[in-house]
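One structure below.
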Amino acid sequence: MQQNGQVGLYDILVDPPMRRQGCGERVVRALLGWGCQRQAHSAYLQVMHNNPPALRLYARVGFREAYTCLLYTSPDPRDRTRYRMPSSA
């Protein structure tokens, strides 16, 4: 989604047999490129902090933590969500 100069990345999943082959990174980079072509100046997403592979992927492509919040659907502290945004798309 691109709106107000930002690209929002949602529900990015890689099929288990295809993981660790660079598919997720290619998809994220393609989406960021798509946003840049539409004059997006930044991007955002949310990711569970207990998903280290996704955190590593997003760090590789330039995202950084913007803030952390609790999900209201679960009292479990492991269900915190990190919202991450790079300095530019």
Side-chain angles (χ1 to χ4, degrees):
M1 174 180 100
Q2 192 275 3
Q3 184 175 6
N4 299 324
Q6 294 187 327
V7 176
L9 306 182
Y10 296 95
D11 297 323
I12 298 172
L13 304 168
V14 175
D15 196 38
M18 300 301 294
R19 291 180 183 161
R20 303 203 47 83
Q21 298 178 43
C23 297
E25 185 169 344
R26 286 191 299 275
V27 167
V28 170
R29 288 188 185 280
L31 290 169
L32 293 174
W34 175 88
C36 284
Q37 292 173 352
R38 285 153 184 78
Q39 285 69 52
H41 54 75
S42 62
Y44 63 91
L45 58 85
Q46 65 183 35
V47 60
M48 302 298 288
H49 80 107
N50 61 356
N51 186 348
L55 293 171
R56 285 190 299 272
L57 163 65
Y58 298 131
R60 260 194 324 275
V61 298
F63 283 85
R64 60 177 170 76
E65 184 175 331
Y67 57 89
T68 301
C69 71
L70 287 175
L71 291 176
Y72 292 105
T73 58
S74 173
D76 189 332
R78 294 174 295 175
D79 289 341
R80 294 177 188 260
T81 302
R82 288 187 178 168
Y83 292 81
R84 303 166 77 79
M85 186 179 303
S87 53
S88 64

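FYI, side chains are in, hydrogens and waters are out, and symmetry mates aren't considered; it's all heavy atoms of this structure.
Residue Gln21 holds its CD atom at 10.0 Å from CG of Asp15, rounded to the nearest 0.5 Å. With rounding to the nearest 0.5 angstrom, the CD atom of Gln46 is 8.5 Å from the CE atom of Met48. Atoms SG and CG, on Cys36 and Leu31 in that order, are 11.0 Å from each other to the nearest 0.5 Å.
Side-chain N or O atoms of Arg19 include none that pairs as donor or acceptor with a backbone N or O of Gly24 at under 3.5 Å.
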Q: Could you walk me through whether Glu25 and Val28 pass the side chain to side chain contact (heavy atoms under 4.5 Å, CB included) test, one step at a time?
A: CA-CA 5 Å; Glu25 185 169 344; Val28 170; 5.8 Å; no

Q: Report the C-alpha separation of Tyr58 and Asn51 in whole Å, then their side-chain angles, then the decisive distance to 0.1 Å, and conclude whether the side chain to side chain contact (heavy atoms under 4.5 Å, CB included) test is met.
A: CA-CA 11 Å; Tyr58 298 131; Asn51 186 348; over 6 Å; no

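In this structure, Val7 and Ala40 approach most closely via the heavy-atom pair CG2-CB, 3.4 Å. Annotation for Leu45 and Leu9: closest pair CB-O, 3.6 Å, computed over non-hydrogen atoms.
Here the options are Leu55, Leu57, Ile12, the test is side chain to side chain contact (heavy atoms under 4.5 Å, CB included), and the partner is Val47; only Leu55 passes.
If you chain together hydrophobic residues whose side chains sit under 4.5 Å apart, Val27 and Phe63 fall into the same group.
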